[in-house]
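Taking it in order: structure first as C-alpha cells, then the write-up.
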Number of protein chains: 2
Amino acid sequence: MGEIEEVLKKHHIRPTAIRLLMYKYLRDRNVAATLNDIESGFDKSDRTTLYRTIKTFEKKGLVHQINDGTGIAKYALDDKTTGTTALQDLHLHFHCIKCNETVCLTDHKIPHISLPKGYLSKDMNLLVKGVCDKCNLK
Amino acid sequence: MGEIEEVLKKHHIRPTAIRLLMYKYLRDRNVAATLNDIESGFDKSDRTTLYRTIKTFEKKGLVHQINDGTGIAKYALDDKTTGTTALQDLHLHFHCIKCNETVCLTDHKIPHISLPKGYLSKDMNLLVKGVCDKCNLK
DNA sequence: GAAAAACATGCAACTTAAGTGCAAATCTAT
DNA sequence: ATAGATTTGCACTTAAGTTGCATGTTTTTC
C-alpha cells in the first residue's frame, strides 16, 4: 500500500485514507468512472469529499476528466505507468453506445491536425462513439 | 423568407414562426449557441419551447449538438449549404478558452483513426481547445 | 367549412450533476 | 502539546436539462 502513497506524494497530494482508496479504486478499474460510480464504491464517505478528492487529483495531474457526450463527467487515471505525467498525452477516448462505458485508448494517439491561420491549439479531445469489443460479441 | 421555409419542409419540420426565427438566428451566427444564448435572443418565447425546437431540429438532422468541455450543450446548423445532410460530416470543433466560443471548422475533417480489434466506430468528435484567431490578435 | 385529430406552445414543476459555506475533525510542524 | 493549516461531512444552493399538462394552433377528414 506504500506504493500508492508514494504516487500521491510525488504529485504533492497528502495521502489520506480516502485518497488512497480512491486511487486504488480508479487503478483497479479499466473504464472511466463518474462521480456516481465512485460514490457507489464508497458507501461510507460523503459525496462532497469524493467530489473534492477527484478535483484535487485532477488539479494535481493524477486524473483527467473525460466528456463522452453523455453530459456526465467521467474520470480516469492519467497514466498506468504511474510515472511522470506526459505533457501531451493526447490519446483518444472510446464511448460505447451500448454499455455506456468509456475507456482511454492510450495506445491510439491523435494525429496531427492543421488549424486555420491564427488559431492556436492547446489541448485536444478525440472521442469515438460506437460499439466496444465486449458488446460486439453479444 | 420562403427559403428557410423550404429548408424546414425538406427536413419534415412544420415551419412555425419560432422555428423560422430560430433557424434564422442560428444561420446568422457563426459560433455555436447554447440554449441560453438562444433564449437571450428570443425574449418573447418560452425556454421550453426553444428547448423543444432545438431538439426537433436535432432529431430531424438540421443541427448537431456540440460538447466543448464546458459542460453546457451547444448547437450549430448541420451544413451551410442547406443542402442534403452529409451522412458523415465529421468535421472538428474548436473551443476558444479565452472567449469561450466554439466554432465548427467544417473544412477540417477528422483523419482516419484505427481502433483495436472488435471496436466498431459509429461517430466521432474531435475537439480542439486553444485560442481563436480573434483572441490571438488581442 | 365544421369537427376531429395531430401537433405546437407556455407554464409550472421536477430531476440531477455540480458547486459552495461552514463547522467539526484531522493532520503537520514547531 | 499547541497553533496553524488542511481535510472531511452536512446542508444548502445553482443551473442545465427535462417532463406533464392544459391551452392554442394547424392539418386532415368528411
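So you know, we letter chains A, B, ... as the sequences are listed, proteins then strands, and number each from 1. Predicted, not measured: the structure shown is a model, and the values here were computed from it. Side chains are part of it too, since the values below use all heavy atoms of this structure and drop only hydrogens, waters and symmetry mates.
In this structure, B:Gln65 places its CD atom 13 Å from C1' of D:dT18, rounding to the nearest Å. Taking atom CG of residue B:Leu20 and atom C1' of nucleotide D:dT25, one finds them 15 Å apart after rounding to whole Å. Here the P atom of nucleotide D:dT26 and the CZ atom of B:Arg19 are 12 Å apart, to the nearest Å. The interatomic distance linking A:Asn67 (CG) with C:dA17 (P) rounds to 14 Å, in whole Å. Here the P atom of nucleotide D:dA16 and the CD1 atom of B:Ile54 are 15 Å apart, to the nearest Å. A:Leu21 has its CG atom 14 Å from the C1' atom of D:dT8, to the nearest Å. For the pair B:Lys59 NZ and C:dC7 P, the interatomic distance rounds to 12 Å; values are reported in whole Å. Rounded to an integer number of Å, the gap from B:Glu39 CD to D:dA15 C1' is 11 Å.
The side chain of A:Arg14 approaches C:dC27 more closely than any other nucleotide in the set D:dG17, C:dA18, C:dC27.
Considering only heavy atoms from C-beta on, A:His95 comes within 4.5 Å of A:Asn100 through its side chain. Contact check for A:Ile66 versus A:Cys104: side-chain heavy atoms found under the 4.5 Å cut-off. Using a 4.5 Å heavy-atom threshold, the side chains of A:Ile18 and A:Thr49 count as touching. Looking at A:Phe57 and A:Arg19, their side chains come closer than 4.5 Å, going by heavy atoms from C-beta outward.
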For this session: Take B:Lys74 and B:Thr102 through the side chain to side chain donor-acceptor pair (under 3.5 Å) test and state the conclusion after the steps.
Result: CA-CA 8 Å; B:Lys74 295 186 179 176; B:Thr102 300; 3.3 Å; yes
For this session: Could you walk me through whether B:Arg29 and B:Tyr25 pass side chain to side chain donor-acceptor pair (under 3.5 Å), step by step?
Result: CA-CA 6 Å; B:Arg29 196 184 159 93; B:Tyr25 174 86; 3.1 Å; yes
Exercise. So B:His108 and B:His93, side chain to side chain donor-acceptor pair (under 3.5 Å) or not? Walk me through it.
Worked result: CA-CA 9 Å; B:His108 293 67; B:His93 296 130; over 6 Å; no
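Closest-nucleotide positions on DNA chain C for B:Thr16 and A:Lys55 were compared, and the one nearer the 5' end corresponds to B:Thr16. Both A:Thr56 and B:Gly71 lie near DNA chain D, and the one whose nearest nucleotide falls closer to the 5' end is A:Thr56.
The side chain of A:Asn36 contributes an N or O atom lying less than 4.0 Å from OP1 or OP2 of C:dA17.
DNA chain D is contacted by B:Arg47, B:Thr48, B:Tyr51, B:Arg52 of residues 40-52 of chain B, taking any non-hydrogen atom closer than 4.0 Å.
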